[in-house]
Amino acid sequence: MSNPLIVKAESQVDRLLSQLSLEQKVGQMTQITITSLLETDQQGKALRPFRIKRPEYLSRYQIGSVLNTPQDDITVREWRDLVSSLQELSSQGKTKIPILYGIDSIHGANYVYGATLFPQPIAQAASWNRELVHKIAQISASETRAAGIPWNFSPSLDIARNPLWPRHWETFGEDVQLASEMGKATVKGYQGESLHGPQQAAACLKHFVGYGAPLSGKDRTPAWIPERQLREIFLPPFQAAIEAGTASIMVNSGQINGIPVHSDPYLLTEVLRGEMGFKGVVLSDWKDIQYLHEYHRVAKNQEDAVKMAIEAGIDMSMVPDDLSFYEKLLSLVRSGQISEARIDESVKRILNMKFQLGLFKQTMFEESHYLSFGSEERAEVSRQAVRESITLLKNEGDILPLPKNARILLTGMAAHAQHILNGGWTHSWQNDNLSVATPRKKTILTAVSEMIGDDLVSYSLGTNFDTNLSTHEAVSLAGEADYVVVCLGEKPYTEFYGNIDNLSLPEAQLRLVEALAETGKPIIAVMVQGRPRLFSRIEPLLDGIIYAYLPGDEGAEVIAETLFGFCNPGGKLPFSYPKHPHNLLPYDHVFADTQSPFGHVYEGPLYPFGFGLSYTSFAYSNLKLSTAKLRQGQELKIRVQVKNTGERAGTEVVQLYLHDKIASIAPALRKLKDFQKIYLEAGEEKTVHFSLTEKDLSFVGRDYKWITETGAFEVMLGDLSEQFEFCG
Ligand code: BGC
C-alpha cells in the first residue's frame, strides 16, 4: 500500500513543477555559497551585520540552495536572522519556493557558535556504539536546525583505505561493516522518523563513491578501484544508508579508473539509481562541474562540463560562486542539447526534499524548541563519546592509571591547545582562527591541573608540529617530574590543506620523545591526530599510549580522567595502525598479502584493526555454534561467554569475524560481520549472541554478482575460533 503522505507530497510537487518556468527550474538546481551573496571584506569574509548584495539571485533567479558559513563565530540568533532574510527574499519570487540551506555539521553543529562539539567521526567509530552515535546525530541535527539550517552534509561514508588521505578522520574508518552501521545510525539520528520537525535535518551521504582510496593519498586525486572491490567495499555503506532513508548524496570530487565521478552515468545513474534504488537528491561537490574542464580535463569547455554532469545524473550543482552553471544549463536546454524532461526529474527531487522537510509550511521553528542548545547535559553526551572512543594502545607494566599525587610534566604540541583537540571543520573550515573557540572548554594542561592541582603539574611546549621550540626546557623539567605526559599529534586541517608526502610523525616530535626518554622517566604519550602518523621509532620508549583521535571540545577533560583512572577507556581502532611507511594494508587482506610463496612472513601493522586495551581484562570462553553444517535458508546461531577478569568495571567490544577458507576469489583472512559492545562489572560474565545467514557468507564473484559458495568457514571471536561448513 502506498504511503498517503508521500502520495500527497508527490501530487503537490507535480502541481508546483507544472507552474515553474524553465528559468525557475534551472534556478532550483543551483546552489550558491553564502559569501557570494553577502558584502565581504578584501579577504572574502562577510561584513557584519550581514548585508545581502545579490538579492536577485533569490528573488529573480530563484536559486534552490545556499551553503556554507559567512564567518567563524556565528551565533544561533545571527544564523536565524540571516537564513530568515534569505527565505524572505526567495518568497518574493513568483513561485515562493523556500531556500534549502545546507552546511557541514560533521561533529555537532560546528559552524554555530556555542554548539555541542563531539569527537570527530573517526573517534565516534572507535566507540563501536551505535546508540551513542545515533544520539550524537540527533543532537547535531537539533543544533543545526536551531540555526534555521535543515540540511547537513554528513555523514562521510568514504571507506578510508589510504591512511595518508587528509580526510581519514572525517570517516568511520577502513571497514565496510563498521562504516555501514555507523552510517545508518547517523542518518537515522539526523532524520528521525520523518524530516518534518524542529529537531530533524536531512542527511547527505558523502562522497559517492571511492573518495577514500586515492592512489597518491592526496585529496581529490585519482583512485583505481576494480569493479569487484567497488561493489564489495565501497558501495555497501552507501546502500545501507540509502535503505536507512537518506534524503541526499554528494558526489566524489575525484576520478575512478580515469573517469571523474561527476561525469559518470554508470555510477551516478545505472548503479546509484538503477541498482541501489536511490530516489533522493544528488548534489555535486564544490565547483566540481566546472572542474570537469579545468582540472580533470574531460570536458572541452564549461558548457560541455555542465552537459556531462547533468547527463551523468547530478540534480544540483554546488557552483558555488556565480550564475555560470545556471546560464550554461539554460542555454543547453534552449538549444535542445538537454531535454526539459531531464530537468524536471531533478527539480522534482529537489522540490520533494523541500516538501519532506516541511519548508513550504515553516522554514524556521520557535527558539523555544532549542532550550538544550549547547547545554551541560549535551556536553556530557560528548564526554561519554570521548570515554568510549579513547583507545589505550599500550600500558606497559600497568603504568596507567597514574597516581593522583604524582608530579607530572605535560609537554608536546597538543598539551595546551584547544583547537588541536577538535581538528578541521570547527568554527571554520580549517579551524585556523585561534581567536574563536567554544567558551569555557579546557586544554589537557588546564584539565590535568584542575584534576590534581597546579602544584603537581609543570609544562613546556617542547615542539610545535614540526619544529623544536623548547625541548631543552622540557627535558630539564622532566628531571623534576615523576611522569612525563607528552601530547603528540597534528594541527588542524582538512582536504588538500592536509596533504602530506610522509606519514611519519615529524622529526621534531620524535626527537622530543627521544630526548625525554634519556631522563629515564616513565613516558605516557597522548596522541591527538586525524590519521595514523607513524611513530614506530619511538614506540619502544613509551610506557603508555592513549590514542585520543580528534576528541572535540570535551576531549581534554576525558583525557585527564583517563590518565588518572576516573574513566576506563573502551575504544577500539577503526583502522589498522601501520608500522612501516610502505606497508599500509587494510586488515581484510588475503593470505598472499602476508607472506611470500617461499615462506617469508611479512610484518603486520603496529596495532591491528579492532585493537584497544582496557584497565581491566576480559576472557572469552565457550564459543558455540548451533550447527557444524549450515544449509541454505538456515540461521547459524553463535554464542560466546565473555568475562571481566580484572578488578574494575569496563566495556568490551565483542567483534565477530568470519574467514572463508577457500573461495573462487581469494578470500580475506578475516572480515568483520557483526559486533556488540558490552559493559561488565569486575568479575561479571555475560553470554553474547550473534547469528549469521547465507547473506553474511557472500562475496562479489568473478561475474561481479554477490554469491555464496559451499565449503568451510571459520568464526572468530576474541582469541577463539570454530569452524562450520556451508552445505548449500
Ligand atoms: C567538501 C565537502 C563539503 C563541501 C561543502 C567541499 O570542499 O569536499 O565535503 O561538504 O565542500 O562545504
Side-chain angles (χ1 to χ4, degrees), residues 30-37 44 46 64-72 74 100-112 120-122 140 144 147 149-160 165-172 183 186-187 190 201-214 218-221 223 238 241 246-255 260-262 281-292 294-296 314-321 325 423-432 492-499 530:
T30 303
Q31 187 183 56
I32 299 288
T33 186
I34 184 68
T35 38
S36 292
L37 299 177
S65 178
V66 177
L67 86 151
N68 225 339
T69 182
Q71 272 285 3
D72 304 339
I74 310 213
L100 188 51
Y101 205 109
I103 208 153
D104 302 85
S105 288
I106 80 157
H107 67 127
N110 39 248
Y111 280 156
V112 185
Q120 294 283 5
I122 194 73
S140 308
T144 303
I149 302 174
W151 192 13
N152 187 4
F153 304 146
S154 166
S156 169
L157 294 185
D158 303 312
I159 298 294
W165 187 48
R167 307 193 73 172
H168 193 269
W169 51 274
E170 294 181 50
T171 75
F172 294 124
T186 304
V187 169
Y190 290 154
C204 184
L205 313 182
K206 304 197 299 201
H207 304 78
F208 188 80
V209 60
Y211 189 24
K218 306 227 169 40
D219 186 37
R220 287 169 161 81
T221 57
F238 285 93
T246 186
S248 66
I249 289 181
M250 191 185 294
V251 179
N252 168 12
S253 303
Q255 306 168 11
V261 184
H262 281 75
V281 171
V282 173
L283 171 67
S284 88
D285 200 347
W286 188 270
K287 262 195 192 157
D288 274 320
I289 298 183
Q290 201 167 314
Y291 289 153
L292 289 177
E294 288 171 9
Y295 178 64
H296 297 293
I314 286 169
D315 295 316
M316 184 183 276
S317 170
M318 192 186 288
V319 188
D321 296 320
F325 166 82
W425 298 113
T426 306
H427 310 298
S428 62
W429 180 39
Q430 297 297 328
N431 190 6
D432 51 0
Y493 58 83
T494 184
E495 302 184 37
F496 53 89
Y497 282 86
N499 283 348

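Counting starts at 1 for both ligands and their atoms, in listed order.
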Checklist entry - Going by the order shown, which atoms of ligand 1 are within less than 4.0 Å of some heavy atom of E495? => result 1 (C), 6 (C), 7 (O), 8 (O)
Next on the checklist: As an exercise, identify every atom of ligand 1 less than 4.0 angstrom from a heavy atom of L67.
Outcome noted: 5 (C)
Next on the checklist: Quick check for you: to the nearest 0.5 Å, what is the distance between N431 atom CG and T494 atom OG1?
Outcome noted: 11.0 Å
Checklist entry - When rounded to the nearest 0.5 angstrom, what distance separates OG1 in T171 from CD1 in I159? => result 7.5 Å
Checklist outcome for this item: Near H207 (heavy-atom distance under 4.0 Å), the atoms of ligand 1 are 2 (C), 8 (O), 9 (O)
Next on the checklist: To the nearest 0.5 Å, what is the distance between CD on Q120 and CG on N110?
Outcome noted: 7.0 Å
Checklist entry - Roughly how far, to the nearest 0.5 Å, is CG of L283 from NE2 of H207? => result 9.5 Å
Checklist outcome for this item: Short version for R167: what comes under 4.0 Å of ligand 1, heavy atoms counted, is side chain
Checklist entry - Is a donor on one side and an acceptor on the other found under 3.5 Å between the side chain of H262 and the backbone of N252? => result yes
Checklist entry - When K206 is tested against each of D104, D158, D285 for salt bridge (charged side-chain N to carboxylate O under 4.0 Å, His left out), which residue passes? => result D104
Item to check | Spacing of R167 atom CZ and F496 atom CZ [to the nearest 0.5 Å] | outcome: 10.5 Å
Checklist entry - Does ligand 1 have a heavy atom under 4.0 Å from the side chain of Y111, from its backbone, from both, or from neither? => result neither
Item to check | Numbering as shown, the atoms of ligand 1 that approach R220 to under 4.0 Å (heavy-atom distance) | outcome: 1 (C), 6 (C), 7 (O), 8 (O)
Next on the checklist: Using a plain distance cutoff, I'd like to know if N68 has any nitrogen or oxygen under 3.5 Å from a nitrogen or oxygen of ligand 1.
Outcome noted: no
Checklist outcome for this item: For M250, the atoms of ligand 1 under 4.0 Å from one of its heavy atoms are 2 (C), 10 (O)
Next on the checklist: Taking distance alone, with N or O pairs closer than 3.5 Å, would you say D285 contacts ligand 1?
Outcome noted: yes
Checklist entry - Distance from I32 atom CD1 to D321 atom CG, nearest 0.5 Å? => result 7.5 Å
Next on the checklist: Is it the case that ligand 1 has an N or O less than 3.5 angstrom from some N or O of W425?
Outcome noted: no
Checklist outcome for this item: the protein heavy atom lying closest to atom 10 (O) of ligand 1 turns out to be D104 OD2, 2.5 Å
